[in-house]
**Student:** 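Here it is, the structure in full.
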Amino acid sequence: MKIIIVGCGKVGYAIAQQLTQEKHDITVVDDEAAHLNRADSTLDVLCIHGNGASISVLMEAGAREADLVIAVTGVDETNLVCALIAKSVGAQHTIARVRNPEYRRDADMLKREIGLDMVINPDLAAAQEIARILSFPAAISVEPFAGGRIDMIGFQLHPEDTILGRSLSDFHRERVAEVLICAAQRGDEFIIPNGAFVPQLEDRLYMVGSKAELHKMLKSMGRSLQRVKDVSILGGSRISMYLSWELARAGTRVHVVEQDHDKCLRLSQDLPGAMIIEGDGTDIDLLEQEGIADADVVICLTDDDRLNLMLALIAKHLGAKKTIVRVSRIEYGDLMEKVGVDIVLSTRLLSASEVLAFARRGGVVSVSLLEGAKAEAVEVIVQDGAPVAGKRLMDVRLPKECLVCAYVRDGEAYIPNGQSVLMAGDRIILFIQTEYSKKVMKYFKGRE
């Protein structure tokens with residue numbers, strides 16, 4: 001595909017990085033020379049300096065022949081104008097990054113009137129991801145599939161987990177729940193386990209099943225399923241507002257600490273059910289007085305990665321049970337986890353995941369990038385004529401770098417085994433090591 005990315009800041013760069021790995025023809029447009037210099041020196045892309053909302057610049061970038069134009073500058077209106085112009089000169093598809101909450105209600109109208117194919121909102125996506133994680137207190141990631149019928153959760157093993165030191169075949173023999181442990185991360189290595197695999201203490205496991213079965217499995221492992229009732233949010237960002245709205249639906253009590261007076265006033269108006277505290281999140285006396293660290297979870301959502309790390313460490317020092325940190329720089333994730341942060345969430349990867357699913361098409365419904373994009377969970381609809389259609393899984397000889405984790409047929413979800421036969425129209429959830437994704441997806445696509 002010929003793809004133009006307008007805006008090569010943090011989100012644009014992350015999208016370009018993922019798309020170049022899939023051998024697309026990428027052109028990047030930005031009016032910041034520093035952004036272009038970074039992309040030019042590290043990615044296989046064509047760089048054009050200029051305003052992405054300019055017709056002449058878009059034409060120079062090749063918008064007339066583009067299969068996809070992705071507008072992800074830091075200004076919503078620029079992105080919308082860019083998408084409108086690109087579609088009018090002949091671009092096949094357009095995606096725009098729109099973050100302003102006022103535009104959230106107009107998303108469907110924007111698609112209809114401007115011809116947008118997709119609206120991405122990294123802040124809303126991050127808030128929804130955090131809300132899902134809070135619904136599984138034991139999880140560090142939660143990826144929904146098939147309209148919520150299936151979830152994939154990631155969790156770090158604890159010393160008290162009953163699955164430790166036992167082979168998966170031995171553990172599953174007890175039939176405590178209809179779930180599949182589909183992957184393990186051990187250090188920097190991703191393992192797709194077989195029945196002989198024995199989980200170790202430092203492992204991070206990924207498990208697939210319905211919500212009810214996943215909860216049953218976690219309970220059998222000795223994990224607490226107590227609902228999150230109190231949440232403290234440090235930083236009054238857009239994510240904080242979206243997250244507070246999500247948590248209000250679940251009846252969760254929310255405290256938000258924000259230093260900027262004007263932001264506090266806006267938050268008070270937009271979040272009548274939350275307690276807004278005007279103050280410095282690094283002020284230990286304030287945090288102790290307000291009981292911020294006594295919440296079930298402390299979530300650090302300022303726009304500064306380093307400040308978020310400091311806030312999380314202070315919260316841990318004060319006794320916080322669990323901390324979640326939002327980062328824009330993916331490379332900070334491992335460092336934060338090593339110094340004690342429980343969950344690190346990258347808004348850039350969430351946006352890249354949405355764009356990847358659209359760019360792949362061919363039955364691909366969604367893509368979730370995991371662990372700094374080293375692995376991914378993919379939902380795909382089996383196409384007519386696909387190599388897997390009508391065959392037993394044991395006969396297909398799928399690459400060892402992937403695993404069919406679940407499938408949905410006629411609204412019912414199933415955990416497969418070697419005897420399972422996949423049919424055209426089935427929704428399949430795959431776990432794939434990212435570098436092999438293109439090789440794996442051929443098995444589920446029809447003849448072109």
Side-chain angles (χ1 to χ4, degrees), residues 1 21-24 67 93 143-153 168-169 172-173 175 177-184 190-197 206-214 217 353-354 356-370 375-448:
M1 293 178 69
Q21 292 178 14
E22 307 210 347
K23 308 304 180 185
H24 293 291
D67 296 297
H93 301 284
E143 309 298 338
F145 298 101
R149 296 182 183 89
I150 293 284
D151 285 301
M152 175 183 289
I153 68 170
L168 294 187
S169 59
H172 283 303
R173 199 171 291 122
R175 305 290 295 177
E178 288 295 323
V179 301
L180 176 68
I181 295 175
C182 58
F190 265 102
I191 301 168
I192 294 180
N194 56 27
F197 178 80
Y206 289 87
M207 184 164 61
V208 171
S210 67
K211 285 183 174 60
E213 294 298 313
L214 288 170
M217 179 69 166
S353 297
E354 292 181 273
L356 268 181
F358 187 90
R360 286 179 182 174
R361 290 181 287 177
V364 176
V365 178
S366 67
V367 178
S368 298
L369 296 174
L370 307 170
E376 57 190 53
V378 180
E379 179 179 347
V380 61
I381 299 173
V382 178
Q383 305 290 287
D384 285 322
V388 299
K391 298 177 182 176
R392 295 184 303 174
L393 279 176
M394 64 186 295
D395 297 329
V396 177
R397 298 188 182 279
L398 288 168
K400 66 181 185 333
E401 296 85 9
C402 81
L403 181 69
V404 177
C405 304
Y407 66 98
V408 176
R409 180 182 297 159
D410 298 327
E412 292 293 324
Y414 302 92
I415 301 297
N417 56 39
Q419 299 292 330
S420 299
V421 177
L422 302 181
M423 306 299 294
D426 288 350
R427 284 177 176 256
I428 311 299
I429 291 82
L430 298 167
F431 189 95
I432 311 172
Q433 295 182 35
T434 298
E435 61 182 303
Y436 300 98
S437 59
K438 193 170 183 178
K439 174 183 175 183
V440 169
M441 295 311 300
K442 293 177 181 177
Y443 286 81
F444 299 88
K445 293 185 178 182
R447 298 183 184 91
E448 297 181 354

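Side chains are part of it too, since the values below use all heavy atoms of this structure and drop only hydrogens, waters and symmetry mates. All values reported here derive from a predicted model rather than from experimental measurement.
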**Student:** Identify the heavy atoms of Tyr443 and Ala386 that sit nearest to each other, and give their distance.
**Tutor:**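 Minimum heavy-atom separation between Tyr443 and Ala386: O-CB, 3.6 Å.
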
**Student:** Rounded to the nearest 0.5 Å, what's the gap from CG on Leu398 to CG on Leu430? Could you check?
**Tutor:**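 Reported to 0.5 Å precision, the distance equals 8.0 Å.
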
**Student:** Roughly how far, to the nearest 0.5 Å, is CD of Glu22 from OG of Ser437?
**Tutor:**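 Ser437 atom OG to Glu22 atom CD measures 4.5 Å (nearest 0.5 Å).
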
**Student:** Could you give the distance from CD1 (Ile150) to CD1 (Ile428), rounded to the nearest 0.5 Å?
**Tutor:**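 Rounded to the nearest 0.5 Å, the CD1-CD1 separation comes out at 10.5 Å.
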
**Student:** Can you find a heavy atom in the side chain of His24 that is under 4.5 Å from one in the side chain of Asp67?
**Tutor:**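 A side-chain contact under 4.5 Å is absent here.
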
**Student:** To the nearest 0.5 Å, what is the distance between CG on Leu369 and CD on Glu376?
**Tutor:**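 One finds 6.0 Å between CG of Leu369 and CD of Glu376.
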
**Student:** Evaluate the criterion side-chain contact (heavy atoms from CB on, under 4.5 Å) for residue pair Arg427 and Arg149; output intermediate values, then yes/no.
**Tutor:** CA-CA 11 Å; Arg427 284 177 176 256; Arg149 296 182 183 89; 5.6 Å; no

**Student:** Would you name the heavy atoms of Lys445 and Pro387 that are closest together and state the gap between them?
**Tutor:**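 Heavy atoms of Lys445 and Pro387 come nearest at O-CD, 3.6 Å.
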
**Student:** Nearest 0.5 angstrom please: Ile432 CD1 to Lys438 NZ, how far?
**Tutor:**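 Here the rounded value is 13.5 Å.
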
**Student:** Please give me the minimum heavy-atom distance between Asp426 and Arg409, naming the atom from each residue.
**Tutor:**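 So the minimum-distance heavy-atom pair works out to OD2-NH2, 2.6 Å.
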
**Student:** Checking side-chain contact (heavy atoms from CB on, under 4.5 Å) for the pair Ser420/Tyr414: CA distance, chi angles, key distance, verdict?
**Tutor:** CA-CA 10 Å; Ser420 299; Tyr414 302 92; over 6 Å; no

**Student:** Test of understanding: with side chain to side chain contact (heavy atoms under 4.5 Å, CB included), list the residues that count as partners of Ser366, not counting sequence neighbours.
**Tutor:**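 Partners of Ser366 under the side chain to side chain contact (heavy atoms under 4.5 Å, CB included) test: Phe145, Glu379.
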
**Student:** Could you tell me whether the side chain of Gln383 and the main chain of Ile381 form a donor-acceptor pair under 3.5 Å?
**Tutor:**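 Indeed, once roles are kept as given, a pair shorter than 3.5 Å links the two residues.
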
**Student:** Should Phe444 and Val378 count as side-chain neighbours, where that means a heavy-atom distance under 4.5 Å?
**Tutor:**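 Not touching, per the 4.5 Å side-chain cut-off.
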
**Student:** Rounded to the nearest 0.5 Å, how far apart are CD of Gln433 and CG of Leu403?
**Tutor:**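 CG of Leu403 is found 11.0 Å from CD of Gln433.
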
**Student:** Any idea which heavy atoms bring Leu370 and Ala377 closest together, and the distance?
**Tutor:**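 Taking Leu370 first and Ala377 second, the nearest heavy atoms are CD1-N, 4.2 Å.
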
**Student:** Which heavy-atom pair separates Val208 from Cys405 by the least distance, and what is that distance?
**Tutor:**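 Taking Val208 first and Cys405 second, the nearest heavy atoms are CG2-CB, 3.7 Å.
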
**Student:** Between Leu422 and Val396, is a side-chain contact (heavy atoms from CB on, under 4.5 Å) present by the stated rule, with each step listed?
**Tutor:** CA-CA 10 Å; Leu422 302 181; Val396 177; over 6 Å; no

**Student:** Please report the closest heavy-atom contact between Ile415 and Gly209, naming both atoms and the distance.
**Tutor:**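 So the minimum-distance heavy-atom pair works out to CD1-CA, 4.5 Å.
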
**Student:** Can you tell if the side chain of Pro399 reaches within under 4.5 Å of the side chain of Tyr436, non-hydrogen atoms only?
**Tutor:**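 Heavy-atom side-chain distance check fails, nothing below 4.5 Å.
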
**Student:** Run through Lys391, Arg397, Arg392 and flag the one making a salt bridge (Lys or Arg N to Asp or Glu O under 4.0 Å) with Asp395.
**Tutor:**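 It is Arg392, the one option of Lys391, Arg397, Arg392 that forms the salt bridge (Lys or Arg N to Asp or Glu O under 4.0 Å) with Asp395.
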
**Student:** Restricting to side-chain hydrogen bond (donor to acceptor under 3.5 Å, both in side chains), what partner residues turn up for His93, sequence neighbours left out?
**Tutor:**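 Applying side-chain hydrogen bond (donor to acceptor under 3.5 Å, both in side chains) to His93 gives Asp117, Arg361.
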
